[in-house]
Structure formats: C-alpha cells, structure tokens
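Before any comments, here is the structure.
Here the structure is a predicted model, which means the values were calculated and not measured. Heavy atoms only: backbone and side chains are in, while hydrogens, waters and symmetry mates are out. Chain naming here is simple, since letters A, B, ... match the order of the sequence lines and numbering starts at 1 in each.
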Amino acid sequence: MSINATPTGADVAAEETRRPAAVPKQRGGRRKPPLSENKKAERRLGLLLCAPAALVMIAVTAYPIIYSVWLSLQRFDLRFPDQREFIGLENYVTVLTNEFWWTAFGVTMLITVVTVAVELVLGMGLAIIMHRTLIGRGLVRTSALIPYGIVTVVAAFSWRYAWTPGTGYLADLFSDGAPLTERASSLAIIMLAEIWKTTPFMALLLMAGLALVPEDLLKAASTDGATAWQKFTKVMLPVMKPAILVALLFRTLDAFRVFDNIFVLTAGGNETSSVSMLAYNNLIRGLNLGIGSTMSVLIFITVAIIAFVFVKLFGTAAPGSDDGERR
Amino acid sequence: MADIVLDKVSKSFPDGTVAVQDVDLEIADGEFVILVGPSGCGKSTTLNMIAGLEDISSGELRIAGQRVNDKAPRDRDIAMVFQSYALYPNMTVRENMAFPLRLAKLDKETIDRKVDEAAKVLELTSLLDRKPANLSGGQRQRVAMGRAIVRQPKAFLMDEPLSNLDAKLRVQMRTVVSRLQKQLGTTTVYVTHDQTEAMTLGDRVVIMRGGAVQQVGPPQELYDHPKNLFVAGFIGSPSMNFLHAAVQDGELHTALGKVPIGDRVRRELESADAPRELILGIRPEHFEDAELVDDDTRRRGMEFEAPVDIVESMGSDKYVYFTVEGEKASAAELEELAADAGAADFAGAGGNLVTRLSAESGVAEGQSRRVWFNLEKIHLFDPANGRNLTLHEGRAAGALAD
Amino acid sequence: MAVETTTRAKLRWGLLDVLVVVFALVPVLWIASLSFKTPATLTDGNFIPREWTLDNYRTIFDTDQFVRALVNSIGIALIATLIAVVLGAMAAYAISRLDFPGKKLLVGVSLLIAMFPQVSLVSPLFEIERQLKIFDTWLGLILPYITFALPLAIYTLSAFFKQIPWDLEKAAKMDGATQGQAFRRVIAPLAAPGLFTTAILVFIFCWNDFLFAISLTSTERSRTVPAALSFFTGASQFEDPTGAICAAAVVITVPIILFVLFFQRRIVSGLTSGAVKG
Ligand SMILES: Nc1ncnc2c1ncn2[C@@H]1O[C@H](COP(=O)(O)OP(=O)(O)O)[C@@H](O)[C@H]1O
Ligand SMILES: [Mg+2]
C-alpha cells in the first residue's frame, strides 16, 4: 500500500509531501531495527530473572539423566564395586529380555490406560458437578480437593487397612478372604486408590475448560432444541477439547509414574510392580546402579514417546504454546 | 494551574515504531483541549509523555514555563484518568481517593475533608466505603475522576475516560466532565476516539493521524474549514460524502453531474502539476429536497436526480440515502477512515450518498428524487496529498469563489 | 419450568453432591477412625471406633522417630516452597511482562520437567548426591523438590501475573508514588494472593512426595513423614504399628485439610488458571 502525503503541522499549504510515521502496521510484518538500549536492558533483565529457575531445573534433571545414560552402560553393583566396568548395551539386553521388566511394563500400561480412562469419565462428571451444581458448590469443591491434597501414602494406608481382613470395613466385600494377596484384586485396588486420589485433579483441569464454554452458547443450543447429551457432545466437548487434551497428557504421564500406592499396598508382590517400583527395587534394595539406571533411561524414553505421540496426534493444542503476547 | 507547551515533541519506541512525530502544541492555562484521531494515531502516547509515563524521544515539554522532560510523574503535579479507570481494587473508594493525598503526606483531617468535598461534587458520598468491585461502570468512572480532582493538580489528563460506558451514561458523564472542568478551571487534555465528545467538550480540538497533528482549532472551525481530506472525513456524523471528480474543460465531472468551478479554484488547477482528478466533499446537511428550495437559494447550488435507497426519519429531519452511479473516490485517507470507523459507519466513499433533508420532505423509499446541494459549501480535495483546495487563508469558500 | 428447577433439580444436584462428599471423605475418615481405636478394637472392622483413645497420638509424639520426621517434613517443605516461589516469581514476572529471547524455551523446558518421570532421576541422583555428600541431607531433598515444583510455580504465577492490571502502576505514579511506593502499595498487595496460592500448591507438592523421600534418605536425619511411615514396622516394639501409622498419617493430613478448608477458592483458581494456558 502506498501512503499518500498528508499535510502536517500548522501551515498546510507549504508543507512538503511527508509520510506519516506510524501508519497502521501489521504485527509481525515489522522489520527488525537495531536494538535500542532500552530493549537490550529489557532482554538482559528477562534473562537474569529466568536464569536461576532455568539453571536449577536443568542442573537437577538434564545432567542426571545424561549421567544415568553413562551409568547404564556400566556393570555397577554397589555391593561389588570392584567389578565396575564398561559393558556397552549389555544392561539393556539384560533388562529387555527380563520377564520381570515386561510384567512391570504391562502392569504400568494397564494401570495407566484404565485409570486415565476411568478418571476422564469420572473427572468430567465431577467437573460438571463442581461447575454447575445449584447447591453446596463450596462444599463439593472443598471435599473434592481433599483427595488432591492428601499425601498419597496416607491414602494408600487407608486403602490398605480398608482391605485388610479383620481390620478393614471393605475386606469382607468379597468372600474369598484377602484381596491384597491376589494379583487381580490387588491391581484393582491399586487402580481404585489411584483413581480416588487423582480424579479431582483431572476434574479441576476439565473445569477450567468448562469455564470457557460460553453460557450463551448453551442457551442458544437449548433454544435450538438440543438435548442435554447433544449440548454436551456438540457444544461443550469441542470448546473443551484443548483442556481435555492437556488433562489427558498430564494424567497419562503422571499415571505412568505410579509408585506410592503400589509401594504401600502390595510392595510389588504378586507381580504388581510398576516400572518405577522395579527401578526403585533394583537401586535401593538391590543397590544395582547399572540396572537401575538402565531402567531409568528406558522409562524416560517411554515417557518421551508417549508425550511425542500426544503432541503429534493432537498438534499444537498441546500446552505451552504461549503466544508471547505482551500486555 | 498552568499552561502546557509541546515543542517538536516526538516519540519513537524501542522497537522502531514512531508513535508521535514533531508535535507542536500550546495549551493555555485553564484550556480544555481534546486530542482526537483514529486508533493507534499516538493520542495515548502523547498524553503519556505529558504525564511523564513515557520518555520523550526528542523535543521539549514545558509545564508552566518549566522544562519537565526529565521529571518523574510525581514531580509534575498532574492527575490522570485512565480508560480502565485504574482503581486500586484492594482499597475502598475513600482510600482510592485519599491515595494521592496520603502520598503527598497531608494530615489526616485535611485528607478527609478533601475527599469528602470531592465525593460530594461527584455524588460519591454514599459509596465511600465500598470496594471498586462493587461499583457500576459509571460509579467507577466517577471515582476515577474524584481521585484526579482531590489534590487540585496543575492539569488533568484523561485518556478515553468515557469509552467504557454505555451510550446513555456517556452522554451523562460528558456533561459532568464539562461542568467540572469549567468549575475548576484546570487545564485539561482529553483524549477521545469519539467525535461527539471531541465536538462538544473542548475549547480546541487537535486532530492526529499517524503520529502527526493534522489540524488544531475550535470544533466548529474544524467542521467548517477542514484543512484536508482526513480532517473533513473524521469530523462530522454522519460523515462527509466523498465523490470522484474529474477536471475537464473548466468543469468537474461527477456522479451528480457537471459541477461548475469559480476563478479561484480554476487558478489552482491551472498549474502544470495540478491534479486532473479531485475528490468532491459534501456534508449531508448541505443537501435539500429540491422541491423545498426557494429560487434565491436554488441559484447558489445545483440539482441532480437519484433513486432513494433508505429514509430514516429522525423527527427533526430526515436522513435519506441515495444510490449514485460512477467511479468511487479513492484515497489512502478514506481507506484509513473507513477501517477505523468500521465500514458500516463510514459510508463517505461508497456508492451511497447520505443526505440530511428537511422533515417536510415527502421523499419515500423506492422513488427517484430531485435533490439540490449547496455549491458554496462543497470542498475539493487533492487525492494525492489530501489538501483542501477550496481553503483560502484558512477559510473554505466552496467551489464557486472568485 | 422455573419451579421445577428450584425443587427437583436442587434435589438431584444435592444427591450428586452427597455422593461426591462421601466418595472424597470416606478414606480420610477411615484412617482417622483407625487412629482413635484401641489396640483391642483395632481389628474389629468397624468403621466407627467402639472405644476411643488418644494413645496412638501419645505414642508417636513420644518417639523420636516420628517427631524427627515431622520436623524434617516441615523444614524441607517450607524451605523448598520458599525458594521455588521466589525463583518461580522471578521467572514468571519475566515471562508475563518482558520480551526476551529464550522465553519460549523456558516455558517449554518447564513443561518437559512437569512431565518428567521422576523415577528416572532416582538412580543418578542417588549416585550424584552420594558423591557430593548431600545424600540423606535436607539439601538432597530440597533440590529435587524445587526442580519439580518450579514448573507448577511458574505456570501458576504467570497466569496470576497476567491478570494483574499493570496500568495501576502508572496510576500510582500519577498519584505521586515513586517506583518503590507503586510496587509496595499497589502491585504487591495485588500479587500477594497469587504468591500465597502458589506457595500452598508447591507446599502440598513437597509435603506429598514419597519417591525421593524414600530413595534419597537412609536414616532419620532427613527422612520425611511419608517415608518414615513405612519404617514404623517393629521399630517401636509395639506388636502392631497400625494405630501409630494411622495417627501419624492423620497428623500430616491436618495441614492439608486446613489449607483446603480455608483456601478452597484460591487453590481451585490457582490450579485452573494455570491449566487454561497450559
Ligand atoms: N510500548 C510500545 N511499543 C511499541 N509500539 C507502541 C507501544 N505503545 C504504543 N505503540 C504504538 O504506537 C502507536 C500509537 O499508540 P497509541 O498512542 O496508544 O495510540 P492511540 O491513539 O490509539 O492512543 C501505535 O502504532 C502503537 O502500536
Ligand atoms: Mg489510546
């Protein structure tokens, strides 16, 4: 677009053709002028303010994960420190051909898939209740926050005693005795404990999405003759999609880390170990740093793959797409 | 109280945007000056520089004869009212209004007295103990005004103070602002986007575009004698009609017929680099139903016939929209104005003619009607630079002037 | 229809409310109930104790094991919270108000860390901390806590900071405030609720941790309560540690209940505002 001259200042007639300087311009179409002092100072301040947080986060995660790759390439058992040597990928072969690993991996996957699926449904229900209930909203929200806030280990003990024969109020629910000593029922209880603990968090994330659904849109849908179910699927779900994806991603990765509940409920007995449990056992109980680190690396890779799949499947709706917009 | 002088004041932002360019402006003691212009033209930036909230890149700012470029806002003794009101949400109305006085370390009784006085003027007395969150838009606006007036500053700066109010409240608050300013006699610089406010409130209006001042003057002068296309199009509601006009054989060929021109304009057009195409500007009220024009008046203008599109009866008069054929007037200014107003409001350059006819006119939708317009009141603009060619020594004299 | 909303719908919502409340509270009430039972009635399977006693609480507060763990828990969580909130506030301020290169990277990195499998750090941190001689110390736990709390702090605080009407800073300056006064009297009071909420969330996170607490400690020196609970077996010579474990569990649940009771609104807004934009 060419801008015509505009007379400026007081004496219009004498004024030569002049380009108004701040003609409306598009964001992003800006050419980059050399940075002024002001701008440089702002950048410096920004970096300075972020540096401590960034340094801590990187020092405590990036370095150890690299170090653990290094450890995973060694035979390194703290009980036999003399035998420490570089053995390449041998640890990986050991772990990946070990049936305990695969059992634990299967258990972890099962727990992840089942709990996240159930939590999504329950969480959605809870979110709607917390968001729309006509009475006692504060009470419901307060109650829902208790599972979120409570120490997982505490809740796990509560579940453990609830199912302990003799002690627990739930133990007699199934006639054949001790549910925590059988694999299937143990896994079910672990999942129950996980779901109880984390559904409220899921619900809160979903509630953030619910709040984005405009009331008017729901009213419009009602007048258009939509049923409650149609309103939910056709109006609310599409608007909530980003929030749902965020909640799913976070909960999936979180569920994959399941540890506390298993530790307290079964200590991994009856083939109920998760990968985290197994890695812990190899390290702290077995003091085998080489194998423990190998498992750490494998878990890290698995989580990275899950995250990657999520982002690929759902594109940029994933969180963190900060637009950097200034206020 | 004080006068404010801007001497070649410019502002360029760190990212290279030149928001304000060489603004010269002298605001007299006690004067009420309006800064108006489309969004992004640099009004707020200018105001913020006067306030001391933005550094001045070049030029000089003097308040009461003193150079204040490097003074902090707190040392300039100026109060400001923000578009968002900027009330402190954690303080009550009383505390909000007392805040500047407390910072000035006045004693408690004086503060209370001053706050009570200001609250009375603005009818806020019963709201003094409320938090801003519990106030309506109009009430918040009054608190913002109250906070500005309590400490009797040298000047008031207001940045679109009414634009967050609904239409009715805006009209109401406009009179409050106007009365208050007259009562206090404090120098005031008032930024607005709304040209009704611009026309009705101030002693003088400054029209800005792209960081530069276009014209400064009393509202009526800007309305009657716009220096250029931009000012002509910006001031007035509904806005001025703009038509394409080709210069041919000492006449103007337009969609309304051939428009004769007087000696003065002809002389202007004789020079070698004179434009061959012009933009003809006519305000809606300079049209009239041809049937209602007496012979004496008829001689000062000309007539055309066009199909009636829409008739809006306002009671006192009628807005009649005609469809006219022919090339559309085009200039950067017109595009900009249309973009700013939202195409719906700015019909100026479209194929539509907006006219304001007497209430007695029997015009009806769908018919074709003869319409007269006043040649002494029309304006001719150079599309290349927007200059008003009918302007002579600052006065517009129509196309026929000798 | 309006009449129906007031009675039937209210009843329906009321029922759902009750369901949620029961679902949320039963496990908590159960462990509290166990903690008040006498050794004799402990195994009667009754949900409500038939004989009430405070003996379990006396027992745990008499043992060094629990008191020491409680001190560790409180100290470590408070210090980690303080540091994480301060560092997080600095970064969040920069993210929400300043323009600088690497901003997106920082947001991305903190997101990655929020998703990081913590168990992957257990082995290397175990070894690194042993070499640095911070294994089984407060610092050894505080460091990973800060790290994993920072993403939470940064997200929550950025969301809060973006809501602060920074115009007020200008208004305060126009009212005659210095930069310092504008910050102290106008911005700080507005930022405080956000900081406070974030602190609660971070504290809950640190208070909750079990994996690091059990992997990076080996003695009572720095073992926190969640980790210590599982060592209650036998150590206190009582035949059955259940009562003591439950009493200890109730003690560390009290602060959570208090937070939730008094700051429900803030916690909800903190968790949801951070979630809307990631
Ligand atoms: N902090 C800033 N950095 C860069 N450009 C800015 C800044 N503030 C305003 N601008 C630009 O300066 C111009 C004038 O802005 P402003 O004075 O706010 O206009 P308005 O007349 O609408 O009040 C606009 O183009 C705007 O984009
Ligand atoms: Mg503005």
**OP:** For each of Ala62(A), Gly46(A), Ser143(A), tally heavy-atom pairs with chain C at distances under 4.5 Å, and name the one with the top tally.
**Re:** Gly46(A)
Subject >> From CA spacing to verdict: side chain to side chain contact (heavy atoms under 4.5 Å, CB included), Leu287(A), Phe126(C) >> reply: CA-CA 10 Å; Leu287(A) 292 177; Phe126(C) 179 77; 4.2 Å; yes
**OP:** Measure distances from Val56(A) to the heavy atoms of chain C and classify the residue's part below 4.5 Å as side chain, backbone, both or neither.
**Re:** both
**OP:** Could you verify whether a donor N or O on one side chain and an acceptor N or O on the other, from Ser296(A) and Ser123(C), lie under 3.5 Å apart?
**Re:** yes
Original post:
So which of Phe300(A), Tyr161(A), Phe157(A) has the biggest tally of heavy-atom pairs under 4.5 Å with chain C?
Top reply: Tyr161(A)
**OP:** To the nearest 0.5 Å, tell me how far Leu283(A) CG sits from Ser215(C) OG.
**Re:** 7.0 Å
Original post:
Which one of Val153(A), Leu48(A), Thr61(A), Val60(A) has the most heavy-atom pairs closer than 4.5 Å to chain C?
Top reply: Val60(A)
**OP:** Determine, step by step, whether Ile129(A) and Trp13(C) satisfy the side chain to side chain contact (heavy atoms under 4.5 Å, CB included) criterion, reporting the C-alpha distance in whole Å, the side-chain angles of both residues, the deciding distance to 0.1 Å, and the verdict.
**Re:** CA-CA 8 Å; Ile129(A) 294 175; Trp13(C) 284 118; 4.1 Å; yes
**OP:** Kindly say whether Phe23(C) contributes a backbone atom to a donor-acceptor pair with the side chain of Trp196(A) at under 3.5 angstrom?
**Re:** yes
Original post:
Looking at CZ of Arg160(A) and OG1 of Thr242(C), how far apart are the two atoms once the value is rounded to the nearest 0.5 Å?
Top reply: 7.5 Å
**OP:** Using atom types as modelled and distance alone, determine if a side-chain donor or acceptor of Asp99(C) lies under 3.5 Å from a backbone N or O of Arg43(A).
**Re:** no
**OP:** Flag the pair Ser110(C) / Met57(A) as yes when at least one side-chain heavy-atom distance between them is below 4.5 Å, and no otherwise.
**Re:** yes
Subject >> Donor-acceptor contact below 3.5 Å, side chain Arg265(C) vs main chain Gly138(A) >> reply: no
Original post:
Tell me, side chain or backbone of Leu45(A) under 4.5 Å from chain C's heavy atoms, or both, or neither?
Top reply: both
Original post:
Side-chain contact, heavy-atom cut-off 4.5 Å: Asn208(C) with Lys197(A)?
Top reply: yes
Subject >> More than 12 heavy atoms from other groups under 6.0 Å of CZ on Phe47(C) >> reply: yes
Subject >> Val20(C) side chain near Met130(A) side chain, heavy-atom distance below 4.5 Å >> reply: no
Original post:
Which atoms of Ile31(C) come close to chain A, meaning under 4.5 Å heavy atom to heavy atom: side chain ones, backbone ones, both, or neither?
Top reply: both
Original post:
Does a side-chain heavy-atom distance below 4.5 Å link Pro226(C) with Val154(A)?
Top reply: no
Subject >> Tyr280(A) side chain reached by Ile214(C) side chain, heavy atoms, under 4.5 Å >> reply: yes
**OP:** Under 4.5 Å heavy-atom distance to chain C, tell me which part of Arg141(A) shows up: side chain, backbone, both or neither.
**Re:** both
**OP:** Output the option from Val86(C), Leu16(C), Asn46(C) having the highest count of non-hydrogen pairs under 4.5 Å with chain A.
**Re:** Leu16(C)
**OP:** State the CD1-CG distance between Ile267(C) and Leu204(A), to the nearest 0.5 angstrom.
**Re:** 9.5 Å
Original post:
Going by heavy atoms in the side chains, are Ile128(C) and Tyr67(A) under 4.5 Å from each other?
Top reply: yes
Original post:
Between Asp260(A), Ile299(A), Val140(A), which shows the greatest number of heavy-atom pairs under 4.5 Å with chain C?
Top reply: Asp260(A)
Original post:
Judged by atom type as modelled, is there a donor-acceptor pair below 3.5 Å linking the side chain of Asp17(C) to the main-chain atoms of Leu139(A)?
Top reply: no
Subject >> Test side chain to side chain contact (heavy atoms under 4.5 Å, CB included) applied to Leu201(C) and Tyr148(A), step by step >> reply: CA-CA 10 Å; Leu201(C) 295 179; Tyr148(A) 162 79; 3.8 Å; yes
Original post:
In terms of heavy-atom pairs under 4.5 Å with chain C, which of Asn282(A), Leu253(A), Ile306(A), Ile150(A) leads?
Top reply: Ile150(A)
Subject >> Partner of Val151(A) by side chain to side chain contact (heavy atoms under 4.5 Å, CB included), out of Ile204(C), Thr253(C), Ile252(C) >> reply: Ile252(C)
Subject >> Beyond-backbone contact of Val119(C) with Arg257(A), side-chain heavy atoms, under 4.5 angstrom >> reply: no
Original post:
Is it the side chain or the backbone of Ile200(C) that comes within 4.5 Å of chain A heavy atoms, both, or neither?
Top reply: neither
Original post:
Any idea how Phe210(C) and Phe263(A) line up, ring-wise: parallel (<30°), tilted (30 to 60°), or perpendicular (>60°)?
Top reply: perpendicular
Original post:
Checking Ala53(A) against chain C: side chain, backbone, both or neither under 4.5 Å from a heavy atom?
Top reply: both
**OP:** Return the option, out of Pro144(C), Pro117(C), Ala94(C), with the maximum number of heavy-atom pairs under 4.5 Å with chain A.
**Re:** Pro117(C)
**OP:** Under 4.5 Å heavy-atom distance to chain A, tell me which part of Ile257(C) shows up: side chain, backbone, both or neither.
**Re:** side chain
Original post:
What part of Ala279(A) is in contact with chain C, defined as an atom under 4.5 angstrom from a non-hydrogen atom: side chain, backbone, both or neither?
Top reply: side chain
Subject >> When Ala162(A), Ala307(A), Ala54(A) are compared by non-hydrogen pairs under 4.5 Å with chain C, the top option >> reply: Ala162(A)
Original post:
Of all of Gly102(C), Gly14(C), Pro101(C), which one pairs up most often with chain A through heavy atoms under 4.5 Å apart?
Top reply: Pro101(C)
Subject >> Arg132(A) versus chain C, the contacting section by heavy-atom distance below 4.5 Å >> reply: both
**OP:** Between chain A and each of Leu87(C), Val22(C), Val18(C), count heavy-atom pairs under 4.5 Å; write down the option with the most.
**Re:** Leu87(C)
**OP:** Please assess Glu127(C) against Phe76(A) for the test side chain to side chain contact (heavy atoms under 4.5 Å, CB included), listing each intermediate value before the final yes or no.
**Re:** CA-CA 11 Å; Glu127(C) 180 62 9; Phe76(A) 190 6; 3.8 Å; yes
Original post:
What is the minimum heavy-atom distance between Pro64(A) and Leu121(C), and which atoms define it?
Top reply: CB-CD2, 3.7 Å
**OP:** Flag the one option from Leu112(C), Val268(C), Val122(C), Val26(C) with the top tally of heavy-atom pairs under 4.5 Å to chain A.
**Re:** Val268(C)
Original post:
Is the number of heavy atoms from other residues, nucleotides or ligands under 6.0 Å of Ile48(C) CD1 greater than 12?
Top reply: no
**OP:** Using atom types as modelled and distance alone, determine if a side-chain donor or acceptor of Ser158(A) lies under 3.5 Å from a backbone N or O of Pro27(C).
**Re:** yes
**OP:** Sort Leu126(A) into side chain, backbone, both or neither according to what part of it lies under 4.5 angstrom from a heavy atom of chain C.
**Re:** side chain
Subject >> OG1-CG distance between Thr152(A) and Asp209(C), expressed to the nearest 0.5 angstrom >> reply: 9.0 Å
Original post:
Which atoms of Ala114(C) come close to chain A, meaning under 4.5 Å heavy atom to heavy atom: side chain ones, backbone ones, both, or neither?
Top reply: both
Original post:
Which distance, rounded to the nearest 0.5 Å, do you find between the CG of Leu261(C) and the CD1 of Ile146(A)?
Top reply: 6.5 Å
Original post:
Hey, what do you get for CD1 (Ile58(A)) to CD1 (Ile113(C)), rounding to the nearest 0.5 Å?
Top reply: 7.0 Å
**OP:** Would you check if Phe100(C) and Leu49(A) make a side-chain contact, meaning some heavy-atom pair closer than 4.5 Å?
**Re:** no
